[in-house]
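Each remark here refers to the structure printed beneath this line.
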Amino acid sequence: MSHTQPHPHTPELAADAVELNHTAVYASDRSLSAEFIAAVLGLEVGAPFGPFLPVDLGNGVTLDYYEKRDAPIQSQHYAFLVPEARFDAMIDRLEALRTTYYADPGHTEPGRVNTLFGGRGAYFADPDGHNMEIMTRPYVRP
C-alpha cells in the first residue's frame with residue numbers, strides 16, 4: 001500500500017483512506033449547543049475557529065458548531081460510539097442537565113436505554129432538537 005507524504009504535524013494517512021475530519025453542526029446558539037454536547041460526553045469546547053466553535057471527539061473528528069439565526073435549524077442525527085466504562089456517567093450528566101433520554105430514536109421510551117448489538121445506547125435531543133445518540137457498540141451491518 002502506498003502512502004502520501006505526511007505534513008510534519010499531521011499523522012500519516014494511507015493514499016486510499018478517506019476519513020471524516022469535521023462536520024458543521026448548525027445551532028441557534030453555538031456556545032450553548034457546543035457546551036451541552038461537551039458536558040454530556042465529558043469533553044471540552046475548543047477555542048473559536050473563524051465562525052466555528054469546535055468540539056474535538058478525540059478520534060480526529062471535530063464537530064464545528066456554526067451559529068445560524070436566519071432560518072430554523074433542521075434536525076440532524078449524530079451518533080457517538082462511547083466506551084462502556086463512560087456510558088453511566090453520560091446518563092448521569094443527562095439527568096443532571098434535566099435532559100430526557102430514550103431507548104429509541106423516535107423518543108417513545110423515556111428514561112430507558114437499549115441493548116442493541118450487545119451494548120447499551122440512548123437517544124436525546126440537544127438544545128436545537130438534533131437527535132443525539134450514545135452507544136457502546138457499533139451497529140452490526142449486513
Side-chain angles (χ1 to χ4, degrees), residues 1-4 6-7 9-142:
M1 180 183 314
S2 65
H3 294 277
T4 59
H7 183 275
H9 301 291
T10 58
E12 191 172 323
L13 186 64
D16 60 351
V18 176
E19 296 180 359
L20 181 64
N21 178 265
H22 65 276
T23 189
V25 180
Y26 290 140
S28 56
D29 180 330
R30 72 180 190 171
S31 294
L32 177 68
S33 293
E35 292 288 348
F36 172 82
I37 199 63
V40 171
L41 299 177
L43 301 173
E44 305 262 333
V45 175
F49 181 72
F52 303 107
L53 193 55
V55 176
D56 183 352
L57 300 179
N59 64 338
V61 178
T62 304
L63 299 178
D64 288 333
Y65 280 86
Y66 179 79
E67 205 155 291
K68 182 176 178 173
R69 294 181 178 244
D70 59 346
I73 304 298
Q74 181 70 32
S75 177
Q76 300 291 317
H77 174 63
Y78 298 91
F80 304 94
L81 184 61
V82 303
E84 175 67 40
R86 294 179 61 189
F87 186 84
D88 288 331
M90 292 176 189
I91 293 295
D92 290 346
R93 289 192 286 270
L94 284 167
E95 290 174 347
L97 291 165
R98 297 187 174 147
T99 300
T100 303
Y101 58 90
Y102 303 84
D104 65 306
H107 294 197
T108 64
E109 300 177 58
R112 295 182 54 203
V113 300
N114 64 56
T115 56
L116 295 174
F117 310 109
R120 295 189 294 160
Y123 297 82
F124 56 95
D126 88 337
D128 284 300
H130 292 300
N131 194 14
M132 303 301 199
E133 177 182 8
I134 53 175
M135 58 188 186
T136 62
R137 294 275 177 92
Y139 288 176
V140 176
R141 303 194 188 269

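All residue numbers refer to positions in the sequence shown, counting from 1.
Residues E67 and Y65 are not in side-chain contact: their nearest non-hydrogen atoms beyond the backbone lie 4.5 Å or more apart.
At distances below 3.5 Å, not a single donor-acceptor pair connects side-chain atoms of D128 with backbone N or O atoms of H130. Although no hydrogens or angles enter the test, the distance criterion places no donor-acceptor pair under 3.5 Å between the side chain of D126 and the main chain of S33. Using a distance-only test at 3.5 Å, with no hydrogens or angles considered, a donor-acceptor pair links the side chain of H77 to the main chain of N131.
For the pair R93 and E95, the salt-bridge criterion is not met [side-chain N within less than 4.0 Å of a carboxylate O].
In terms of heavy-atom proximity, T99 sits nearest to A125 at CG2-O, 3.9 Å. Between Y102 and T108, the shortest heavy-atom distance links the atoms CD2-N, 4.0 Å.
Y101 OH to R112 CZ: the interatomic distance, rounded to the nearest 0.5 Å, is 10.5 Å. Note that the CG atom of L94 and the CE atom of M132 stand 11.0 Å from one another [nearest 0.5 Å].
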**Worked check of side chain to side chain contact (heavy atoms under 4.5 Å, CB included) between I134 and F87** = CA-CA 8 Å; I134 53 175; F87 186 84; 3.6 Å; yes

Counting only pairs under 3.5 Å, give me each side-chain donor-acceptor contact of residues 135-142, with atom names and distances, residues two or more places apart or in other chains.
unit_1: T136; atom_1: OG1; unit_2: E84; atom_2: OE1; d: 3.3
unit_1: T136; atom_1: OG1; unit_2: R120; atom_2: N; d: 2.7
unit_1: T136; atom_1: OG1; unit_2: R120; atom_2: O; d: 3.3
unit_1: R137; atom_1: NH1; unit_2: F117; atom_2: O; d: 3.4
unit_1: Y139; atom_1: OH; unit_2: Y123; atom_2: OH; d: 2.9
unit_1: Y139; atom_1: OH; unit_2: E133; atom_2: OE1; d: 3.3
unit_1: Y139; atom_1: OH; unit_2: E133; atom_2: OE2; d: 2.6

List, one per line, each side-chain donor-acceptor pair under 3.5 Å for residues 36-64, sequence neighbours excluded.
unit_1: D56; atom_1: OD1; unit_2: G58; atom_2: N; d: 2.8
unit_1: N59; atom_1: OD1; unit_2: V61; atom_2: N; d: 3.4

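For OH of Y66, the number of neighbouring non-hydrogen atoms (other residues, nucleotides, ligands) closer than 6.0 Å is 12 at most.
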